[in-house]
Amino acid sequence: MKIKTYHMALWPVLIIMLALIPKVGPYYTNLLVTFAVFSVFSVSFNMLLGYTGILNFGHAIFFGAGSYGIALALKHIDGLSLFPALAIGVLAAVVVAAILCPLAVRLTHSFAMWHLAFNLFMVVLAYRLKEITGGEDGIGNFRIPALEIPGLNPISIQGAYDHFYYFAVIVLGICVWLMWFFTKTPFGQVQIGIRDNERRITYLGFKVSHAKAVIYIASAAFAGVAGSIYTLFNNLASPEGSLLVFYIPIVSTVVGGASNFFGPVLGTAFFQVIEEMASRYTDKIELLTGTILVIVMLFAPTGIIGLIKKGMSKMKTKMTMKGKVASTAKVD
């Protein structure tokens with residue numbers, strides 16, 4: 001009961017801290033927006049890996065679909081509002097997922113590699129279709145609509161880092177809550193059942209392929225939100241940096257801990273701190289993160305969350321043993 005009360009007390013503190021971040025300045029504000037984007041992207045990836053037991057090497061496809069979807073919409077549709085544009089970005093990711101879904105949910109051993117191949121195909125396509133995607137230059141310098149809230153004057157977010165920060169953090173925060181809620185529903189238990197024993201779920205009367213399709217499309221939709229927000233943040237949709245987008249959710253989830261919902265968030269924060277510190281001394285950031293990933297997979301396969309839980313369990317055992325020894329001494 002005390003632990004639950006403690007957790008409840010932390011939420012107002014966290015909200016106040018997030019609300020005050022823009023007061024620190026644009027550097028840390030933009031850093032937190034980047035962290036929020038890739039946290040949502042990594043958590044959406046963990047809906048497949050950690051909760052359903054599906055490794056997807058092509059999750060960046062949906063991030064890219066959301067990115068190009070919103071960029072093309074804002075570039076070619078005059079007078080388009082912000083939320084409809086965001087919806088188009090998400091819809092683009094969902095449509096791509098729906099096209100891949102019939103084949104994807106039936107694959108088992110080749111699921112990861114098939115998505116890796118398709119991810120590379122989509123990157124090549126983005127470079128080749130210059131008339132649509134802009135090639136290596138991408139799609140940029142488009143108008144970002146003002147945020148329209150009923151009863152209030154339109155709020156400009158283009159060029160206003162603080163306004164964009166609040167918009168992005170609220171939207172991405174809602175996405176994290178929706179994904180967390182998704183895992184707590186009865187369908188979330190079906191996810192875990194598919195991961196642990198797919199045959200048992202079939203015996204219980206569930207259509208595993210249909211369940212996988214729902215999870216697959218849902219995770220794609222949230223990845224599309226992350227890609228759309230990131231494109232608005234940079235005012236650019238480009239295939240440059242596709243390798244970075246490819247490996248971020250994988251390493252963040254594995255290092256943070258796929259067994260816990262907030263593991264990918266912790267992993268994203270960990271690597272962002274590492275990147276900020278290491279970039280002052282070297283430009284070999286990918287080599288460093290790859291080395292950390294290998295070390296974690298070898299010596300801490302449950303990730304940072306697993307190490308924390310293990311440490312807390314040992315501490316609790318020691319305290320229990322000390323309590324027993326103390327009570328025995330009192331009796332004597």
Side-chain angles (χ1 to χ4, degrees), residues 31-64 67 107-120 122-123 172 176 179 183 195 215-216 219-220 222-223 226-227 230 239-313:
L31 201 64
L32 194 60
V33 170
T34 305
F35 162 71
V37 165
F38 286 109
S39 291
V40 169
F41 186 32
S42 299
V43 172
S44 70
F45 170 79
N46 199 39
M47 286 179 69
L48 292 173
L49 178 62
Y51 280 85
T52 320
I54 300 173
L55 177 59
N56 183 3
F57 282 151
H59 202 58
I61 297 168
F62 311 122
F63 187 96
S67 176
L107 296 172
T108 52
H109 303 295
S110 60
F111 185 95
M113 299 311 297
W114 184 81
H115 278 83
L116 174 61
F118 196 80
N119 183 61
L120 295 174
M122 293 297 283
V123 172
L172 295 170
V176 171
M179 284 187 281
T183 63
R195 179 195 67 191
I215 298 162
Y216 185 78
S219 67
F222 289 113
Y230 195 61
E240 291 294 324
S242 55
L243 179 62
L244 175 72
V245 174
F246 162 75
Y247 81 80
I248 276 182
I250 300 171
V251 297
S252 297
T253 302
V254 172
V255 172
S259 61
N260 187 279
F261 180 83
F262 291 103
V265 178
L266 184 59
T268 304
F270 175 79
F271 277 112
Q272 195 156 10
V273 171
I274 292 294
E275 183 179 348
E276 286 299 312
M277 294 175 64
S279 60
R280 302 173 187 176
Y281 307 102
T282 179
D283 59 349
K284 308 295 184 183
I285 307 298
E286 291 81 5
L287 179 62
L288 179 61
T289 55
T291 304
I292 293 171
L293 176 63
V294 171
I295 292 171
V296 169
M297 291 181 70
L298 287 174
F299 302 104
T302 55
I304 298 172
I305 289 284
L307 287 175
I308 293 171
K309 285 183 176 179
K310 191 175 180 180
M312 290 178 67
S313 179

Novice: For Leu48 and Asn56, what are the C-alpha separation, side-chain angles and deciding distance, and is it a side chain to side chain contact (heavy atoms under 4.5 Å, CB included)?
Specialist: CA-CA 7 Å; Leu48 292 173; Asn56 183 3; 3.8 Å; yes
Novice: Applying side-chain contact (heavy atoms from CB on, under 4.5 Å) between Thr253 and each of Leu49, Val265, Val43, Ile248, report the one that passes.
Specialist: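 Of the listed options, the one satisfying the test is Leu49.
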Novice: Nearest heavy-atom pair of Met297 and Val254: which atoms, and what distance?
Specialist: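 Taking every non-hydrogen atom into account, CG-CG1, 3.8 Å.
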Novice: Would you say the side-chain atoms of Thr291 pair up with the backbone N or O of Leu287, donor to acceptor, closer than 3.5 Å?
Specialist: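 The answer is yes, because a donor-acceptor pair under 3.5 Å joins these two groups.
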Novice: Could you pull out the closest heavy-atom pair between Ser42 and Pro249, with the gap in Å?
Specialist: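 Scanning both residues completely, I find the closest heavy atoms to be OG-CA, 3.5 Å.
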Novice: Just by modelled atom types, is the Leu31 backbone N or O under 3.5 Å from a matching donor or acceptor in the Gln272 side chain?
Specialist: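 Yes, Gln272 side chain to Leu31 backbone: donor-acceptor pair under 3.5 Å.
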Novice: Do Phe222 and Phe62 have their ring centres less than 6.0 Å from each other?
Specialist: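 No, they do not, as the ring centres are separated by 6.0 Å or more.
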Novice: May I ask you to decide if the ring planes of Trp114 and Phe118 are parallel, tilted or perpendicular, using 30° and 60° as cut-offs?
Specialist: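 Because their plane-to-plane angle is under 30°, the rings of Trp114 and Phe118 count as parallel.
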Novice: Val37 versus Phe63: any side-chain heavy-atom pair under 4.5 Å?
Specialist: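 They are in contact (side-chain heavy atoms under 4.5 Å apart), so the answer is yes.
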Novice: Using every non-hydrogen atom in the two residues, find where Pro264 and Asn260 come nearest and quote the distance to one decimal.
Specialist: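 Minimum heavy-atom contact is CD-O, 3.6 Å.
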Novice: Within this structure, what is the CZ-OG1 distance for the pair Phe38 and Thr268, rounded to the nearest 0.5 Å?
Specialist: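 One finds 9.0 Å between CZ of Phe38 and OG1 of Thr268.
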Novice: Between CZ of Phe45 and CZ of Phe57, what distance do you get to the nearest 0.5 Å?
Specialist: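 Between Phe45 CZ and Phe57 CZ, I get 7.5 Å after rounding to 0.5 Å.
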Novice: Taking atom CD1 of Ile215 and atom OG1 of Thr52, what is their separation to the nearest 0.5 Å?
Specialist: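 Here the interatomic distance stands at 4.0 Å.
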Novice: Can you measure from CD1 (Ile304) to CD1 (Ile308) and round to the nearest 0.5 angstrom?
Specialist: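 One gets 7.0 Å once the value is rounded to the nearest 0.5 Å.
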Novice: Are Ile292 and Leu288 side-chain neighbours, meaning at least one heavy-atom pair lies under 4.5 Å?
Specialist: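 Sidechains of Leu288 and Ile292: in contact.
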Novice: About how many Å separate CZ of Phe261 and CD1 of Ile305, when rounded to the nearest 0.5 Å?
Specialist: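 If I round to the nearest 0.5 Å, the distance is 12.0 Å.
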Novice: Taking atom CD of Glu275 and atom CG of Leu244, what is their separation to the nearest 0.5 Å?
Specialist: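 The CG atom of Leu244 is 7.0 Å from CD of Glu275, to the nearest 0.5 Å.
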Novice: What is the ring orientation for Phe41 with His59, classed by angle as parallel under 30°, tilted 30 to 60°, or perpendicular over 60°?
Specialist: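 Parallel, since the angle between the ring planes stays under 30°.
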Novice: Which pair of non-hydrogen atoms, one from Gly58 and one from Asn119, has the smallest distance, and what is that distance?
Specialist: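 That would be CA-CB, 4.0 Å.
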Novice: Does the side chain of Asn46 reach to within under 4.5 Å of the side chain of Met179, using non-hydrogen atoms?
Specialist: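 No, their side chains stay 4.5 Å or more apart.
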Novice: State, with a plain yes or no, whether a side-chain heavy atom of Thr289 is found less than 4.5 Å away from one of Tyr247.
Specialist: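 SC-SC contact between Thr289 and Tyr247 confirmed.
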